[in-house]
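Okay, structure first, notes after.
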Amino acid sequence: MTYETIVAIEKFIENLDNPRKQIIARELVLNTDYEIKEIKVFDKKDLFVRERKSDNVYKLSSFISSKCNC
């Protein structure tokens, strides 16, 4: 993970509106079953999470919302 990706993840977590979402995001960063990457899509960078077992890729914000149910 690059320094820029780490900074982007921290900014993303700080901007989450719900403390529960922040906890889920921090746990996700430490979970080795997932990989978080910053990907450039249409001249805009966004954060995505990839499940290592299945190679499924999700937008990070959508993934956290689905896990939080809040």
Side-chain angles (χ1 to χ4, degrees):
M1 197 178 312
T2 66
Y3 176 76
E4 290 81 14
T5 302
I6 293 169
V7 170
I9 292 168
E10 278 301 315
K11 285 181 183 179
F12 174 83
I13 291 171
E14 288 173 6
N15 289 329
L16 288 171
D17 59 345
N18 185 316
R20 175 90 175 113
K21 287 182 180 179
Q22 290 178 341
I23 291 169
I24 291 169
R26 292 197 187 284
E27 289 174 353
L28 187 62
V29 169
L30 299 174
N31 191 332
T32 57
D33 292 337
Y34 299 94
E35 177 184 17
I36 299 174
K37 287 193 171 194
E38 188 174 35
I39 301 172
K40 189 174 183 177
V41 179
F42 299 117
D43 296 333
K44 180 185 174 213
K45 287 186 178 180
D46 213 336
L47 293 168
F48 291 85
V49 60
R50 181 180 70 89
E51 288 181 298
R52 292 183 193 266
K53 292 179 184 174
S54 65
D55 278 340
N56 292 333
V57 177
Y58 309 95
K59 190 171 180 182
L60 184 58
S61 57
S62 300
F63 186 81
I64 290 171
S65 293
S66 72
K67 295 292 183 187
C68 183
N69 296 325
C70 46

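Small disclaimer: the values here were computed from a predicted structure and weren't measured.
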Supply the atom-to-atom distance [X] [atom1] to [Y] [atom2], rounded to the nearest 0.5 angstrom.
| X | Y | atom1 | atom2 | value |
| --- | --- | --- | --- | --- |
| Asn18 | Ser65 | CG | OG | 9.0 Å |
| Thr2 | Glu4 | OG1 | CD | 4.5 Å |
| Arg50 | Asn56 | CZ | CG | 10.0 Å |
| Gln22 | Glu14 | CD | CD | 8.5 Å |
| Asn31 | Arg26 | CG | CZ | 15.5 Å |
| Lys59 | Ser66 | NZ | OG | 13.5 Å |

In this structure, would [X] and [Y] fall into the same cluster of hydrophobic residues linked by side-chain contacts under 4.5 Å?
| X | Y | value |
| --- | --- | --- |
| Leu16 | Tyr58 | yes |
| Ile6 | Val29 | yes |
| Ile39 | Ile36 | no |

Under the 3.5 angstrom rule, does the side chain of Arg52 hit a backbone N or O of Thr32 as a donor-acceptor pair?
->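 Side chain of Arg52 to backbone of Thr32: a pair is present.
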
Ring pair (Phe, Tyr, Trp, His ring centres under 6.0 Å) contacts in which one or both residues fall within residues 22-56, not counting sequence neighbours |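 Passing the test, one end in residues 22-56: Tyr34-Phe63.
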
Side chains of Glu51 and Asp33: closer than 4.5 Å at any heavy-atom pair?
->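 Heavy-atom side-chain distance check fails, nothing below 4.5 Å.
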
Which heavy atom of Asp43 sits nearest a heavy atom of Lys40, and at what distance?
->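 For Asp43 versus Lys40, the nearest heavy atoms are CA-CE, 3.6 Å.
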
So, for Ala25 and Ile64, which heavy atoms are closest and what is the spacing to 0.1 Å?
->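 Taking every non-hydrogen atom into account, CB-CD1, 3.4 Å.
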
Name of the residue among Leu28, Asp46, Ile13 meeting side chain to side chain contact (heavy atoms under 4.5 Å, CB included) with Leu60 |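 Per the side chain to side chain contact (heavy atoms under 4.5 Å, CB included) rule, the option paired with Leu60 is Leu28, out of Leu28, Asp46, Ile13.
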
